[in-house]
Chemist: 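Sharing a structure below in structure tokens format, with a few things to ask.
Predicted, not measured: the structure shown is a model, and the values here were computed from it. Note that ligands are numbered from 1 as they come in the structure, with each ligand's atoms numbered from 1 the same way.
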Amino acid sequence: MRHVSKVFSNGTLALKDMSLDVRGGEFISLLGPSGCGKSTALRIIAGLGAPTSGSIDWPTSKINQKGLPEGDIGFVFQDPTLMPWSTVYENVRLPLKLKRVAKADSHDRIMDGLASVGLADFAKSYPRELSGGMRMRVSIARAMVTRPKLLLMDEPFAALDEITRQKLNDDVLRLWRQFGMTVIFVTHSVYESAYLSSRIVVMRARPGQVYSDLQIDQPPTREGDYRTSEGYRQTCQTVSEALQSAITAAEVRP
Ligand code: ADP
């Protein structure tokens, strides 16, 4: 992101001069209080909204008419946004269908995707038959079925209970290690960002900007007893202090 600003039509200045370099293979969390522009930044990266000024530069020459790298982005929303009239299988197939991939060529990728989130036995189920956590897993499998190089996730687990959220955190970390994609993950949870990320970008509000950029020097494998480790505790403390400081900055300089 190069000097990106966003002013909505009602005059809200959501982002001001936000610059961010994302390196391939990073797991970045955008962390900040509600309204600081995290979702706006993510949506601009995804091409779901245009910046008022500034630009998004991609490390590839294969750019489509919308200014996006062809087929390289997956997006997971806070709501699983599944089609209720379609089976789990057909929901995961949707991005391949939109890309006109033949049914026969799609099958293995869909089943692999479902297996990777533990839902291989639910291919014929309908979304209404699944729990909230399972629906979110379908949404992740759908985003991953095109094997995107960049996975954008907008507070995907905010509506889930703590235990389901922790399990899904582990699923996402496993997929990240397995496929090596770059992840940009929006959250307002210090603990979630500290658990998942290799880098945490703390944003401040009014105007939305990068406030601090923290490299997390912890092992990429976070399962097991990582949640009770001293390393995790220290990361949470550092991130918590940075977030508090970003909130104070917004209050002092409106
Ligand atoms: P966050 O994701 O950090 O909670 P958002 O990016 O959703 O923040 O919003 C940033 C600011 O922009 C907020 O003040 C929000 O009210 C405003 N905003 C977001 N979307 C729109 C929109 N479509 N029209 C007007 N204002 C918006």
Chemist: Does the side-chain hydrogen bond (donor to acceptor under 3.5 Å, both in side chains) test come out yes or no for Y126 and T87, once each step is laid out?
Modeler: CA-CA 5 Å; Y126 285 85; T87 60; 5.9 Å; no
Chemist: Are I44 and L151 linked, directly or through other ILVMFWY residues, by side chains that come within less than 4.5 angstrom of each other?
Modeler: no
Chemist: Look at R233 together with E230 and state whether they make a salt bridge at an N to O cut-off of under 4.0 Å.
Modeler: yes
Chemist: Every pair of nitrogen or oxygen atoms between ligand 1 and the protein that is under 3.5 angstrom apart - can you list them with their distances to 0.1 Å?
Modeler:
from	atom 1	to	atom 2	distance (Å)
ligand 1	2 (O)	S39	N	2.9
ligand 1	2 (O)	S39	OG	2.9
ligand 1	3 (O)	G35	N	3.4
ligand 1	3 (O)	C36	N	3.1
ligand 1	3 (O)	G37	N	3.0
ligand 1	3 (O)	K38	N	3.0
ligand 1	3 (O)	K38	NZ	3.0
ligand 1	4 (O)	G35	N	2.7
ligand 1	6 (O)	T40	N	2.9
ligand 1	6 (O)	T40	OG1	2.5
ligand 1	8 (O)	G37	N	3.2

Chemist: Once you measure the plane-to-plane angle for F27 and W176, does it fall in the parallel (<30°), tilted (30-60°) or perpendicular (>60°) bin?
Modeler: perpendicular
Chemist: Side chains of T248 and R204: do they bring a donor and an acceptor to under 3.5 Å?
Modeler: no
Chemist: Restricting to pairs with a member in residues 19-38, which pass side chain to side chain donor-acceptor pair (under 3.5 Å), not counting sequence neighbours?
Modeler: R2-D21, R23-E26, E26-R199, S29-S197
